[in-house]
Amino acid sequence: MVIAALLRLVAWLLAAAVTFVTLGPQVVRPHPVLGQEGDHALAFLLVGIVFGLAYPQRRWTVSAVAVALIGLLEIMQLWVPGRHARFEDFMVDALSACVGFALSAAANWTMAQFGQDPDAATRQRH
């Protein structure tokens with residue numbers, strides 16, 4: 001249960017950080033290290049991986065909600081001075097998050113093949 005709580009905390013902190021950097025003032029925006037698309041891809045890949053590991057029983061639902069919220073985040077940039085909403089950014093962000101969710105599913109599948117219970121850390125006790 002501690003691992004599940006930690007994964008969920010990290011997932012939501014990462015989502016909050018991405019939101020703050022996306023909608024925050026110019027001074028909090030990092031300078032691109034991998035280029036704009038590379039930085040976007042890495043950030044949302046991590047979001048997908050961590051949320052996928054944090055919520056393995058709800059991975060499809062969480063991934064659909066993530067794509068919708070990524071779209072909303074892009075649209076919200078229309079009201080932020082100095083920011084722009086671009087369909088290309090949405091596509092990079094959403095596809096990267098989906099790849100992250102797929103990687104988390106692959107990790108769970110691999111663990112299951114080796115006889116490990118991949119969801120033991122996040123399974124809710126009844």
Side-chain angles (χ1 to χ4, degrees):
M1 290 307 274
V2 172
I3 294 172
L6 183 61
L7 279 171
R8 290 176 180 168
L9 175 66
V10 170
W12 287 105
L13 288 174
L14 187 57
V18 167
T19 300
F20 183 72
V21 168
T22 301
L23 299 176
Q26 182 74 28
V27 296
V28 301
R29 296 182 200 147
H31 298 290
V33 175
L34 304 172
Q36 179 180 347
E37 289 182 358
D39 286 354
H40 279 239
L42 179 60
F44 285 96
L45 178 73
L46 292 173
V47 166
I49 290 171
V50 178
F51 268 96
L53 293 173
Y55 297 97
Q57 293 86 13
R58 296 182 185 98
R59 192 173 289 118
W60 284 105
T61 303
V62 174
S63 61
V65 169
V67 169
L69 291 176
I70 289 167
L72 179 62
L73 197 59
E74 196 65 33
I75 290 169
M76 290 173 68
Q77 290 184 66
L78 292 171
W79 292 278
V80 178
R83 296 304 303 223
H84 56 273
R86 295 188 341 195
F87 183 71
E88 295 83 14
D89 289 345
F90 165 74
M91 291 302 297
V92 168
D93 299 350
L95 287 174
S96 298
C98 289
V99 169
F101 281 106
L103 288 173
S104 70
N108 279 7
W109 180 84
T110 302
M111 288 177 66
Q113 296 305 307
F114 287 105
Q116 306 254 343
D117 184 0
D119 297 333
T122 55
R123 183 174 292 121
Q124 298 290 334
R125 295 186 190 253
H126 294 95

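As the structure is a prediction and not an experimental result, all values here were calculated from the model. We use all heavy atoms of the structure for the numbers below, so side chains are in, but hydrogens, waters and symmetry mates are not. Starting from 1, each residue takes its place in the sequence as its number.
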[X] and [Y]: same hydrophobic cluster, using ILVMFWY side-chain contacts below 4.5 Å?
X	Y	result
Val21	Leu42	no
Val65	Ile75	no
Tyr55	Leu13	no
Met91	Leu72	yes

When rounded to the nearest 0.5 angstrom, what distance separates [atom1] in [X] from [atom2] in [Y]?
X	Y	atom1	atom2	value
Leu69	Met76	CG	CE	10.0 Å
Leu78	His84	CG	NE2	10.5 Å
Glu74	Phe87	CD	CZ	10.5 Å
Arg58	Ser63	CZ	OG	13.5 Å

How far apart are the closest heavy atoms of [X] and [Y], and which atoms are they?
X	Y	result
Phe101	Arg59	O-CD, 3.5 Å
Ile70	Ala97	CD1-CB, 3.8 Å
Ala85	Gln77	N-CB, 4.5 Å
Pro56	Asn108	CB-ND2, 3.4 Å
Gly52	Ser104	CA-OG, 3.2 Å
Val47	Leu14	N-CD2, 3.6 Å

Side chain to side chain contact (heavy atoms under 4.5 Å, CB included) partners of Leu6, counting only residues at least two apart: Val10
Those residues that, when tested against Ala11, pass side chain to side chain contact (heavy atoms under 4.5 Å, CB included) (two or more places apart):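 With neighbours one apart ignored, the set is Val50, Phe51, Ala54.
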Result of checking Thr19, Asp93, Asp89 against Leu73 for side chain to side chain contact (heavy atoms under 4.5 Å, CB included):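 Of the listed options, the one satisfying the test is Thr19.
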Crowding at CD, Glu37 (>12 non-hydrogen neighbours, <6.0 Å):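 No, the 6.0 Å shell around CD holds no more than 12 heavy atoms from other groups.
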Student check: side-chain heavy atoms of Val18 and Leu46 closer than 4.5 Å: no
Working for side chain to side chain contact (heavy atoms under 4.5 Å, CB included), residues Val67 and Phe90: CA-CA 9 Å; Val67 169; Phe90 165 74; 4.0 Å; yes
